[in-house]
Peer 1: 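Structure below; questions to follow.
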Amino acid sequence: MPGIAPLSTGVIARIMHGEEVNQPVLQILGIKKINSNADSERYRLLMSDGQYYNSYAMLASQLNAMQHDGLLKENTIVRLDKYITSLVGKNDTDKRVLIVTDLTVLNSGAEVGKKIGEPVTYENALKNGAQSKPLASSSAPVQQNKPEKKPMLYNNNNNNTLNSSINAGLTSPIASLSPYQNKWAIKARVTSKSAIRTWSNARGEGKLFSMDLMDESGEIRATAFKEQCDKYYDLIQVDNIYYFSKCQLKSANKQFSQLKNDYEMTFTSDTVVQKCEEMDDGGIPEIKYDLVPISQVANMEDKTALDTIGICKEVGELQTFTSRTTNKEFRKRELTLVDMSNSAVTLTLWGDDAVNFDGHVQPVILVKGARINVFNGGKTLSMGGGSTIKINPDIPEGHKLRGWFDNGGGDNITNMVSARTGGGNFNTEWMTLQEVRLRNLGAGDKPDYFQCKAVIHMVKQENAFYKACPQSECNKKVVDEGNGQYRCERCNSLYPNFKYRLLINMSIGDWTANRWVTCFNEVGEQLLNHSGQEVGNALENEPEAAQAMFSAINFTSHIFKLRCKSEMYGDVTRNKLSVQALTPINYKEYNKYLLKSLKDLTGIGSSN
DNA sequence: CCCCCCCC
């Protein structure tokens, strides 16, 4: 059969003997779903090497999608790129389960069209005296073969017992754990660890912490309550590898966990945890980061979890507030992360992370599992369950960013993914400047936000900047003492210097109306394409340079994201517009709005 | 046995 990959004949005998075989090629003779309950999905495979077949094979759940896509039909020939074997069951009936964690389809079932060879079960072949020894191979076994004497005595809570099992190499892959078998030990890396949390409800009260564990086969969440919480909290550290045994397994509630496992673990009084001190990590993978460029965050769905890395360009004050809904007090701190996509996003830290954070050195921040929140039409990242941050991580991406930023890389951030320091072009209602008046926007307690396409008519150079407190966290206007000293009333300090901050008023117009709007520092810097320092200096000392900067933007068109709020000055109410963000015109998006407006106006092409 | 992840 030309084009059909040859099977690795007889290889199942070697695999089931614990030998590591590189990329065996097998044929799928059947696949069926086990565990029929709705939130648990797992497939069992019947696979043949043409000589033997093996029904104790499982598909790791991260490969379920291949089955969903119809890629694993009967007769399909696959190459096992990664797999793990594990002994399960009581000693006398030990079975070696094969868990496939990565595979490549070589020929589709339709292409092959039939079962190759006349395979028999490996177990029957053994009984009938067929060759049971592994064939000659230079590769070392991953796991020890089944020891002759009964080694797996987990009937007491004794570390020596655990050690002997572990030393014999008898750890199970996480993917093989289920509530139906409890004699196992896993060797896993801690990828995240929660803070200790207390609860109190009708069913009682207590405390707990949870952690996420990972090995080559998969991941699982574990929770330690009460006594176990106190006992293990300090021992468990992110990135370390531990042996765990005698935890209770139960179905995971998918509502609360994004981890790819149908089960989760609870520590019990019998649980044994032991730190793995070996230098060799034994194939336990490093924590993997799927780093998303900050610019991409704008295109991702609300509530998505993601990994990213950026420079903490700005850091906010620690804020404390009481939640209106729960009456709980929260502490948070907002960081502005920037990266080489010339984009910025806000990352919110909570609790101790927020309190202890020192951002003044503009560190590299690596974050795993941060969640997207939509706020004011922008997107922010927030730490939550399972999220971790690392400050100045020793990884190539971190060093690259450091070099980029220290050479001025962060000076031209043009894309503000979060609304506070800018904003995107998503989810914000389009409006004309006339509609803003007609609809009485900004009259409520909360500001209104909208976007419009407008052209800059005139920019005021007078009072376009002010002299602000030089402290990085304080932007209050300083009082010029006239003797080379500047006084900040907020910090109650005298300084020999100040920093320029922009506060630009300009007139913009669309086809319906003109309005005066205010740009604060960051947007002003983006608009004028110069730092506040440069603009302030030019305005004070180099009028021609300043003129050039300001006239360069006259009659340019942009998408303005505006905040609208009516404010009282004495007994006069003024409706104020401030520019939250400024973006180049995305004609695809803008035309969508125009087309919709046309439909609404004419009724042509509309549904009603 | 938790399952909240907040606020502007």
Side-chain angles (χ1 to χ4, degrees), chain A residues 39 192-212 220-233 247-259 261 263-269 271 302-306 316-336 345-355 367-389 416 418-423 428 444-449 520 561 563-565 578 580-581:
Chain A
D39 48 337
S192 78
K193 169 190 167 185
S194 77
I196 292 179
R197 196 160 56 85
T198 57
W199 85 89
S200 173
N201 60 29
R203 276 169 290 180
E205 55 181 56
K207 57 174 153 178
L208 69 110
F209 81 101
S210 60
M211 69 212 90
D212 293 340
I220 193 164
R221 186 169 74 155
T223 306
F225 290 95
K226 299 176 184 172
E227 296 81 21
Q228 281 78 253
C229 173
D230 290 333
K231 186 172 173 187
Y232 292 113
Y233 189 76
C247 298
Q248 185 183 79
L249 274 114
K250 59 172 190 173
S251 286
N253 189 336
K254 290 287 176 187
Q255 195 184 337
F256 302 123
S257 173
Q258 63 285 20
L259 252 56
N261 201 317
Y263 304 113
E264 61 184 34
M265 316 202 303
T266 304
F267 284 21
T268 72
S269 55
T271 292
D302 193 13
K303 306 303 173 201
T304 310
L306 60 91
E317 298 284 342
L318 181 69
Q319 297 173 55
T320 303
F321 65 92
T322 304
S323 162
R324 275 177 211 151
T325 46
T326 62
N327 257 347
K328 274 195 185 172
E329 193 179 89
F330 290 102
R331 291 166 302 166
K332 71 159 199 179
R333 191 191 296 272
E334 288 182 350
L335 320 184
T336 302
V345 70
T346 300
L347 171 69
T348 307
L349 307 185
W350 298 93
D352 287 345
D353 278 348
V355 174
V367 57
K368 181 163 186 63
R371 267 163 60 100
I372 295 180
N373 285 309
V374 170
F375 173 63
N376 275 348
K379 288 181 182 173
T380 62
L381 299 178
S382 181
M383 300 292 286
S387 322
T388 52
I389 74 161
M416 305 297 173
S418 306
R420 198 175 63 88
T421 48
T428 308
D445 290 341
K446 286 191 168 185
D448 292 308
Y449 296 85
F520 295 103
K561 217 172 99 59
R563 176 190 190 271
C564 179
K565 182 85 179 75
S578 55
Q580 302 296 294

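Here is the naming used below: chain letters follow the sequence lines, and residue numbers restart at 1 for every chain. Since this is a predicted model, take the numbers as computed values, not measurements. Computed over heavy atoms, backbone and side chain alike; hydrogens, waters and symmetry mates excluded.
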Peer 1: Starting from P on dC7(B), measure out to CH2 on Trp350(A) and report it in whole angstrom.
Peer 2: 7 Å
Peer 1: Within this structure, what is the CD-to-C1' distance between Glu334(A) and dC8(B), rounded to whole angstrom?
Peer 2: 8 Å
Peer 1: For Asn253(A) and dC3(B), give me the distance from atom CG to atom P, rounded to whole Å.
Peer 2: 12 Å
Peer 1: Ignoring hydrogens and angles, does a donor from either the side chain of Arg203(A) or the base of dC2(B) sit under 3.5 Å from an acceptor on the other?
Peer 2: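 In this structure, the two groups form no donor-acceptor pair.
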Peer 1: Would you say whether Phe321(A) stacks on dC8(B)? The test is a distance between ring centres of less than 5.5 Å and an angle between planes of less than 30°.
Peer 2: no
Peer 1: Apply side chain to side chain contact (heavy atoms under 4.5 Å, CB included) to Phe256(A) and list each qualifying residue two or more places apart in sequence or on a separate chain.
Peer 2: Asn253(A)
Peer 1: Tell me: CZ of Phe375(A) to P of dC7(B), nearest whole Å?
Peer 2: 10 Å
Peer 1: Take atom CZ of Phe209(A) and atom P of dC4(B), then tell me their distance rounded to the nearest Å.
Peer 2: 20 Å
Peer 1: Taking atom C1' of dC2(B) as reference, at what distance in whole Å does atom CD of Gln255(A) sit?
Peer 2: 12 Å
Peer 1: Report yes if a donor N or O on one partner sits less than 3.5 Å from an acceptor N or O on the other, where the partners are the side chain of Glu264(A) and the base of dC3(B); otherwise report no.
Peer 2: yes
Peer 1: Nearest to the side chain of Lys226(A) - dC8(B), dC7(B), dC1(B)?
Peer 2: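 The listed nucleotide nearest to Lys226(A)'s side chain is dC1(B).
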Peer 1: With heavy atoms under 4.0 Å as the rule, sort Asp353(A) into base, sugar-phosphate or nothing.
Peer 2: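 Result for Asp353(A) = nothing.
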Peer 1: Calculate, to the nearest 0.5 Å, the distance between atoms CG and CD1 belonging to Leu381(A) and Ile389(A) respectively.
Peer 2: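 One gets 12.0 Å once the value is rounded to the nearest 0.5 Å.
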Peer 1: Determine the contact category for Gly385(A): base if any of its heavy atoms lies under 4.0 Å from a base atom, sugar-phosphate if only primed atoms, P, OP1 or OP2 are that close, otherwise nothing.
Peer 2: base
Peer 1: Roughly, in whole Å, what's the span from CE in Met383(A) to P in dC4(B)?
Peer 2: 19 Å
Peer 1: Heavy atoms under 4.0 Å, any strand shown: does Arg221(A) hit a base, just sugar-phosphate, or nothing?
Peer 2: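 If one applies the 4.0 Å heavy-atom cut-off, Arg221(A) turns out to touch a base.
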Peer 1: Contact between Thr320(A) and Glu329(A) at the side-chain level, heavy atoms closer than 4.5 Å - yes or no?
Peer 2: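 Thr320(A) reaches Glu329(A) side chain to side chain.
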Peer 1: Could you check how far CG of Asp230(A) sits from P of dC1(B), rounded to whole Å?
Peer 2: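 Going from Asp230(A) (CG) to dC1(B) (P), I get 19 Å.
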Peer 1: Name all residues meeting the salt bridge (charged side-chain N to carboxylate O under 4.0 Å, His left out) criterion together with Lys207(A); count only those two or more places apart in sequence or in a different chain, and write none if there are none.
Peer 2: Asp230(A)
Peer 1: I'd like to know if Arg563(A) and Asp448(A) make a salt bridge, using a cut-off of under 4.0 Å between side-chain N and carboxylate O.
Peer 2: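 Looking at Arg563(A) and Asp448(A), the cut-off is not met.
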Peer 1: By the 4.0 Å heavy-atom rule, please label Lys250(A) as base, sugar-phosphate, or nothing.
Peer 2: base
Peer 1: Side-chain N or O of Asn201(A) less than 4.0 angstrom from OP1 or OP2 on dC1(B)?
Peer 2: no
